[in-house]
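Quick notes on the structure that follows.
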Amino acid sequence: MNRIALGVFEMMNPSNGMPTWTHPGGRGDDWDRLDYWVDLARELDAAGFDFLFFADTYGYATLEGRMPDEVAAHGIQFPALDPMLAIATLARATERLGFVVTSPTTVEKPYGTARRFATLDRFTDGRIGWNVVTGSSQATTDQLFGVTETLDHDQRYDAADEFLDTCLRLWEHSWDDDAELRDRARGVYADPAKLHRVEVEGTYQRAAGIFAVPPTPQRTPVLFQAGTSDRGRAYAARNAEAVFIQGQSIAAAKAHVDDIRAQAVTHGRDPHDIAVISGMTVTVAATEAEARALRDEYESVLQRADAAVMFAGITGLDLTGIDPDTKVVDLRTDLGQTLIQRYARQNAEMRVGEILDQFRTKAIRGFQITGSPEQVADEIEAIVDGSGLDGLMLEPTFGGPAAYRAFIDLVVPVLAARGRVSPPAGTTLREHFGGGPRLAATHRAHRLAARETASVPS
């Protein structure tokens, strides 16, 4: 029986996913208060959770270049704050909880990203992870940042390869382990002979110089990756240490797990150097009847019109203007390929009209579990054991912390008694997943130095 890693999926906006902020159990009045996030982090830390994961994007849903009125009026993942700026405060208020923050490789620059995550790795004592994304709501983001050259889906992954490689060279190869001396007696802070200049001249990235941040507890943040398209899984197999999927059936989750691990082996990695984690929405109460009533109440808040707007923002497809009898496999878009492929693989005969009916209640979420504490625990064990998953990321229901508290109070004790959950091991986030504080020896980052770094002239 393997230990199940536990995380929580959050977004720093009024609702997490579909609009729920108007419900009494929502967080419409709290989402922009720092104390709200501090209190949540403390609760998760005390309950032995491994990490708090922040999804994030610069963009928002648009149709034909403009924001639909529903986005602002209904609060559809809008407005939003930058979660990265809160991490140091949350870390100071907790002891073991890790933090994973989403940051794109499209509109950022590698040096700035590397510097921010290295700073957070220092301030959190090694409890930081980076969810590497090639972009989200990309058409909107390009407009906001004035990007004029648009990359297609595969080109964004090509650019992401160069972006991450540059960051890895800065984190792993610019400073020797013993370069930082802080020798007051000799007046030498760092040994110049043990600093190395990073040189990158690529198709998408250029950088030259010495990384200004000394080695931190993990050097490289734990690398998360959430794309489950074909190219996304290939990228994850090469680079990721944790992969976030949205499994909605045991068979589909197992297929993702097996594929990612098999591809990892082709890159010289141990297949178990990658933790695979699925999203999961849990509605639990003392009895099954109470839990199902709560789930019905949650679904009653969700509106199909909002689902259509959110779907369009993710994929660039306005399904309201497409024949509802069109097959999903016939849809074409560079945006949201992961989502389109998920539906196509689920059922090759699925029609457009069926998507919104599912998307309203499931959106881009993972497994949906409703029941008593024992029923939920049984289903979780069946999912994990049947798929080979390493962990679960809880998704909120109404948006506030009540769903997490119910899971902590009712389900965690059952899983703990069965030996399936326990407090995180080690002090760094990487150790929570069973590794050491540094990247595994088989990770490709260790093979980058010979080609692209050079010693600083004496």
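Position 1 is the first residue of the sequence, and the numbers go up from there. On a predicted model such as this, the values are computed, not experimentally measured, just so you know.
Counting only residues at least two apart or in different chains, salt bridge (Lys or Arg N to Asp or Glu O under 4.0 Å) contacts with residues 17-33 comprise E10-R27, D30-R33. Applying the ring-ring contact (aromatic ring centres under 6.0 Å, His included) test to residues at least two apart or on different chains, the pairs with a partner in residues 15-38 are H23-F398, W37-F54. Residue pairs that meet the salt bridge (Lys or Arg N to Asp or Glu O under 4.0 Å) test with at least one member in residues 428-438, sequence neighbours left out, are E172-R438, D177-R438, E241-R430.
R42 and D35 are not joined by a salt bridge, as no carboxylate oxygen comes within less than 4.0 angstrom of a charged side-chain nitrogen. A salt bridge does not link R219 with D121: every distance from a Lys NZ or Arg NE/NH1/NH2 to an Asp or Glu carboxylate oxygen is 4.0 Å or more. Under 4.0 Å is where a charged nitrogen must lie from a carboxylate oxygen, and between R444 and D273 no such pair does. Between R420 and D385 there is a salt bridge, since a side-chain N of the basic residue sits under 4.0 Å from a carboxylate O of the acidic one.
For F49 and Y404, the gap between ring centers reaches or exceeds 6.0 Å.
In summary, the side chains of N131 and T102 do present a donor paired with an acceptor at a separation below 3.5 Å, with no hydrogens or angles considered.
For E43, the salt bridge (charged side-chain N to carboxylate O under 4.0 Å, His left out) criterion is met by R405, not counting sequence neighbours. Here D258 pairs with K254 under the salt bridge (charged side-chain N to carboxylate O under 4.0 Å, His left out) rule; sequence neighbours left out. Remark: F117 engages W130 in a ring-ring contact (aromatic ring centres under 6.0 Å, His included) (not counting sequence neighbours). Residues satisfying the side chain to side chain donor-acceptor pair (under 3.5 Å) criterion with D45, sequence neighbours excluded, are absent altogether. Partners of R295 under the salt bridge (charged side-chain N to carboxylate O under 4.0 Å, His left out) rule, at least two apart in sequence or in another chain, are E299. With sequence neighbours excluded, no residue satisfies salt bridge (charged side-chain N to carboxylate O under 4.0 Å, His left out) with K109. Residues that satisfy the ring-ring contact (aromatic ring centres under 6.0 Å, His included) test with F367, not counting sequence neighbours, are absent from this structure.
Shortest non-hydrogen contact noted between R269 and A236 is NH1-O, 3.6 Å. In this structure, H446 and A441 approach most closely via the heavy-atom pair CD2-O, 3.6 Å. What you find for P19 and I76 is that their closest heavy atoms are CG-CG1, 3.6 Å. Between A275 and D390 the shortest heavy-atom distance is CA-OD2, 3.3 Å. T62 and M67 get closest at one heavy-atom pair: CG2-N, 4.2 Å. The nearest pair of heavy atoms linking V414 to P373 is CG2-CB, 4.3 Å.
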Expected list for residues 82-95: side-chain donor-acceptor pairs under 3.5 angstrom, two or more places apart:
from : atom 1 : to   : atom 2 : distance (Å)
D82  : OD1    : M84  : N      : 3.0
T94  : OG1    : L90  : O      : 2.9
T94  : OG1    : A91  : O      : 3.3
T94  : OG1    : R127 : NH1    : 2.9

Scan the side chains in residues 276-286 for donor-acceptor partners under 3.5 Å anywhere in the protein, sequence neighbours excluded, and list what turns up.
from : atom 1 : to   : atom 2 : distance (Å)
S278 : OG     : G247 : N      : 3.2
T281 : OG1    : R365 : NH1    : 3.0
T281 : OG1    : E395 : OE1    : 2.4

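Relative orientation of the F244 and F9 rings is tilted, given thresholds of 30° and 60° on the angle between their planes.
Atom CD1 of I245 sits about 10.5 Å away from atom CE of M393, to the nearest 0.5 Å. Rounding to the nearest 0.5 Å places OG1 of T105 at 9.0 Å from CG of D161. Rounding to the nearest 0.5 Å places NE2 of H74 at 10.5 Å from CE of M18.
Within a 6.0 Å sphere centred on CZ of R115, other residues, nucleotides and ligands contribute 12 heavy atoms or fewer.
No side-chain heavy atom of Q368 sits under 4.5 Å from any side-chain heavy atom of T361.
The only option from L415, V8, L392, I369 that meets the side chain to side chain contact (heavy atoms under 4.5 Å, CB included) definition with F407 turns out to be L415.
Side chain of Y235 to backbone of A160: a donor-acceptor contact under 3.5 angstrom is found.
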